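Written below as structure tokens is the structure these notes are about.
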2 protein chains.
Amino acid sequence: MDAPVKNTKVYEQVIEKIKEMIVSGKLKKGDKLPPERELVDQLQASRASIREALKALQIIGLIESRQGGGNYIRESFEGSLFEPLSIMFSLQNSRPEEILELRKIIEVETAALAAKNINDEELTEIKGIIDQINESYDEELNAKLDKELHYKIANASGNFLVVVILTAVSSLVDSFIKDARKLILTQIENREILIEHHENLYNALLEHNKGRAAEVMRKHLDFVNEYLTSK
Amino acid sequence: MDAPVKNTKVYEQVIEKIKEMIVSGKLKKGDKLPPERELVDQLQASRASIREALKALQIIGLIESRQGGGNYIRESFEGSLFEPLSIMFSLQNSRPEEILELRKIIEVETAALAAKNINDEELTEIKGIIDQINESYDEELNAKLDKELHYKIANASGNFLVVVILTAVSSLVDSFIKDARKLILTQIENREILIEHHENLYNALLEHNKGRAAEVMRKHLDFVNEYLTSK
């Protein structure tokens, strides 16, 4: 019979070894992991421990198993931290306001960073998304575009960790506050306000004006958050 | 023989069900999970799937297995997101500067939030830590106290998610930049500068001055980050 504590150590060692393969560059994004039986030999662990470690890495969102077999290091880690964050949030009996507060904390400074680092290609993409939102009255589509806009701005910050954490936090917003954009647009005059916010945001990014980008994002999120918390 | 994809779904379902028990309040922090054989009956899954799900939840840091057996929902989730974040960071070939940048983003606004929400008890605790640092020349101890100080300030923000994410980011700083405080203190005059920063920070919190707290924290982290990136 396995002692659970000893078992824990084995699967932790397996994860540690896979992590070493990553840090040393032997495993890169998109790479296929060696088959289970090879890992058993390489890492000198039982097949059960290997499978436990692999499942855990899947949950964390670092690897994915593909149809037809095989485990792959994921190409993209967006959303990887969402599941654990979401469970923790539930356990903590936290208030949805805390998520909005955290999003504001990160996104305001991210806008400033984006204003500093954004390139022409990213500016064009962002302008394209804003134009699409302005022309469309399909709120399903606009909600999707709105999310993409915030994501593109985070990406333009040039800081991968910011993108990962902001994406996790945004997923948390989505899961606890359904249809945020629709809620705001129950008042028709808000459409014009959102359009103006987006234009101001774009202009601040275009001018590489850090302070202004942060200020506009703060104003935007204060406006949005007020709607979402007073519902 | 199990098809891996089908198997994935089963353990995901198990996690989803455990999550439901958490959201519904059936499972709370510190609670003992039902024994594996009971989970097998309750969740109608194979013992192997249950064990995989439990291991994954351990990795995420949501449950812990204790000596003598049994799995418990953890009382504290600090550090829970560190392991996944650390592996992602390695995979992404990110620069240590990105961690420092992210920490600054979060911690500056967190200081402002703490200035707003801090209570007398927390102020006394923070004053106590600062006094200890000022009196001690044991840099091992001071590094520990310094970390505690930042942690207490995050806690005083009253936002649990901020604490969780900041703790994950700080662990990342520690793992990629060893002995940060020692590095700074290779120049003896920096001791006085750090003491002054801490005093200013405490005064801003005491006065519940959000803007000042953010400003002082920004100045402090700019100073620290410059040392850590120029090494």
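Numbered from 1 within each chain, the chains take letters A, B, ... in sequence-line order. Worth saying up front: this structure is predicted, and the values here are computed from it rather than measured.
For chain A, the nearby part of B:Ile15 is the side chain; its heavy atoms alone come within less than 4.5 Å. Residue A:Ile99 touches chain B through both its backbone and its side chain, counting heavy-atom pairs closer than 4.5 Å. Using a 4.5 Å cut-off between heavy atoms, A:Glu16 touches chain B through its side chain atoms alone. For A:Arg103, no part lies near chain B; criterion is any non-hydrogen pair under 4.5 Å. Only the side chain of A:Ile165 comes within less than 4.5 Å of a heavy atom of chain B; its backbone N, CA, C and O stay farther away. Contacts between A:Leu172 and chain B at a heavy-atom distance below 4.5 Å involve the side chain alone, from C-beta outward. Only the side chain of A:Lys19 comes within contact range of chain B, with at least one heavy atom under 4.5 Å from a heavy atom of that chain.
Around the CD atom of B:Glu97, the shell of radius 6.0 Å holds more than 12 heavy atoms that belong to other residues, nucleotides or ligands. Under a cut-off of 6.0 angstrom, the local environment of NZ in A:Lys17 is crowded, with over 12 non-hydrogen atoms contributed by other residues, nucleotides or ligands. The number of heavy atoms from other shown groups lying within 6.0 Å of CG (A:Asp120) does not exceed 12.
In plain terms, the two heavy atoms of B:Leu102 and A:Asn159 that are nearest each other are N-ND2, 4.2 Å.
In this structure, B:Glu109 contributes its side chain and A:Ile106 its backbone to no donor-acceptor pair below 3.5 Å.
By the 4.5 Å heavy-atom criterion applied to side chains, A:Val108 and B:Ile105 are not counted as neighbours. For the pair B:Val162 and A:Glu101, the minimum side-chain heavy-atom distance is 4.5 Å or more.
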